[in-house]
Amino acid sequence: MTDLQLVSETKSFGGLQRTYEHESESCKCTMRFGVFLPEEATRAPVPALYWLSGLTCTEENFIVKSGAQRYAAELGLALIVPDTSPRGLDLPGEDDRIDVGTGASFYINATQCPWATHYQMYDYVAKELVEISNTHLPIDANRKSISGHSMGGHGALLLGIRRPDQYVSVSAFSPICSVSRSEWGRHAMEQYLGPDENTWREYNVSELIRRHPSKHVLLIDQGNADPFLKELRLGDLKSACKASGQQLICTERKGYDHSYFFVSTFIGNHLRFHAEALL
């Protein structure tokens, strides 16, 4: 049984914002995650939204910058926010670039040295974190959804598409829609998975949707002033959804960029979307 260590706890909108750390079996290191528990969680298990953050982020970015606790408190939702990668392992190249290593797991299971031992973030988020939350927190095991931003948007779509029965609903802000075709993603995929690009495709959400559309309605928000539009490849996702019949609600927000100012503006819409499905 995993022992959770409470790192911090703060009252927020009638609920509790906490940070935990634990020794991860998947990543073989100490991992942290944030949890917001609404007041309802003192009386009964509540549904949970898992949030995956983007490149360079920790578990703190969403907690501090999104303003999501206000909406989660009103809707009676828990928020579970893992870190974006293992940290402090002194692996070669771990801190050399923003798109590989610390803060840049891309939520995949690495197969190449030196990453394979620790960078098992797909399993960590999809399995270990869920088991820990179900065991140690007042979470309804049968009611969970997933969302994320940028690299985390890629992760949320990836897990939602590949594990459709695990998540009630799926959404994303500014997701990397075609990781094997994005310059950000290509370098990471080669480092984590090796040179065979066929293996990269199994983590490319546009490719997956084209072959196997999800039963979910995917909710996407994208700012049209985002300086990283070329890297995000939203057009690949739209094309794949059209070809496969995947249900997609995609809203391009005029004048909004890639920042948490954008996320915080529309996070209430996403939480209401998930609450409607979960509740």
Side-chain angles (χ1 to χ4, degrees), residues 34 36 46-55 57 61-63 65-72 74-82 84 106-107 122 125-126 129-130 143-179 203-206 208-209 213-224 226 228-229 232-234 236-238 240-241 244 246-253 256-279:
F36 174 75
V46 295
L49 175 69
Y50 287 76
W51 174 271
L52 306 183
S53 298
L55 284 168
C57 291
N61 294 73
F62 181 77
I63 292 169
K65 296 180 178 180
S66 71
Q69 293 92 340
R70 177 189 297 273
Y71 304 103
E74 293 173 359
L75 297 165
L77 299 180
L79 303 172
I80 300 176
V81 187
T84 56
F106 281 85
Y107 301 100
Y122 182 90
V125 174
L129 183 60
V130 171
R143 292 190 292 167
K144 53 186 173 292
S145 294
I146 192 164
S147 186
H149 173 232
S150 194
M151 178 187 74
H154 144 80
L157 294 174
L158 177 69
L159 269 73
I161 293 163
R162 290 179 65 168
R163 304 175 73 88
D165 294 332
Q166 182 162 304
Y167 302 101
V168 176
S169 51
V170 181
S171 77
F173 287 83
S174 313
I176 301 174
C177 298
S178 192
V179 70
Y203 291 101
N204 184 320
V205 297
S206 295
L208 294 172
I209 286 172
S214 170
K215 65 181 181 180
H216 300 105
V217 178
L218 305 180
L219 176 67
I220 307 291
D221 270 85
Q222 174 65 61
N224 73 355
D226 191 323
F228 306 116
L229 281 173
L232 300 175
R233 303 192 69 90
L234 180 61
D236 289 10
L237 180 67
K238 288 182 174 180
C241 289
S244 67
Q246 170 67 55
Q247 297 181 81
L248 173 67
I249 301 172
C250 182
T251 305
E252 296 183 43
R253 303 292 185 177
Y256 285 91
D257 61 14
H258 198 73
S259 70
Y260 264 90
F261 293 109
F262 166 53
V263 173
S264 64
T265 300
F266 300 104
I267 191 66
N269 294 355
H270 281 243
L271 264 62
R272 285 187 285 270
F273 169 81
H274 291 295
E276 184 176 350
L278 290 164
L279 300 174

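If you're wondering where the values come from, they're calculated on a predicted model, not measured in any experiment. Note that the numbering runs from 1 along the sequence shown for the chain.
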(request) Please round to the nearest 0.5 Å and tell me the distance separating atom CE of Met151 and atom SG of Cys57. (result) 7.5 Å
(request) Enter the distance from Arg253:CZ to Asn269:CG here, rounded to the nearest 0.5 Å. (result) 6.0 Å
(request) Could you tell me whether the side chains of Asp236 and Ser206 share a donor-acceptor contact shorter than 3.5 Å? (result) no
(message) Under a 3.5 Å cutoff, is there a donor and acceptor pairing between the side chains of Asn204 and Ser178?
(response)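 Their side chains do contain a donor-acceptor pair, which is all the 3.5 Å distance test asks for.
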Closest approach of [X] to [Y] (non-hydrogen atoms, all atoms of both residues):
{"X": "Ser169", "Y": "Ser145", "value": "OG-OG, 2.6 Å"}
{"X": "Ala78", "Y": "Val46", "value": "CB-CG2, 3.8 Å"}
{"X": "His258", "Y": "His149", "value": "O-NE2, 2.9 Å"}
{"X": "Leu77", "Y": "Leu278", "value": "CD2-CD1, 3.9 Å"}
{"X": "Phe273", "Y": "Val170", "value": "CE2-O, 3.6 Å"}
{"X": "Val125", "Y": "Tyr167", "value": "O-OH, 4.4 Å"}

(request) Could you tell me if the ring centre of Phe266 sits under 6.0 Å from that of Phe173? (result)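 Not under 6.0 Å, so no.
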(message) Using ring centroids (six-membered ring only for Trp), state whether His270 and Tyr71 fall under 6.0 Å.
(response) no
(request) Report the residue from Ser174, Cys250, Cys241 that forms a side chain to side chain contact (heavy atoms under 4.5 Å, CB included) with Ile220. (result)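 By the side chain to side chain contact (heavy atoms under 4.5 Å, CB included) criterion, Ile220 pairs with just one of Ser174, Cys250, Cys241: Cys250.
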(request) Would you check if Lys215 and Asp165 make a side-chain contact, meaning some heavy-atom pair closer than 4.5 Å? (result)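 Touching, per the 4.5 Å side-chain cut-off.
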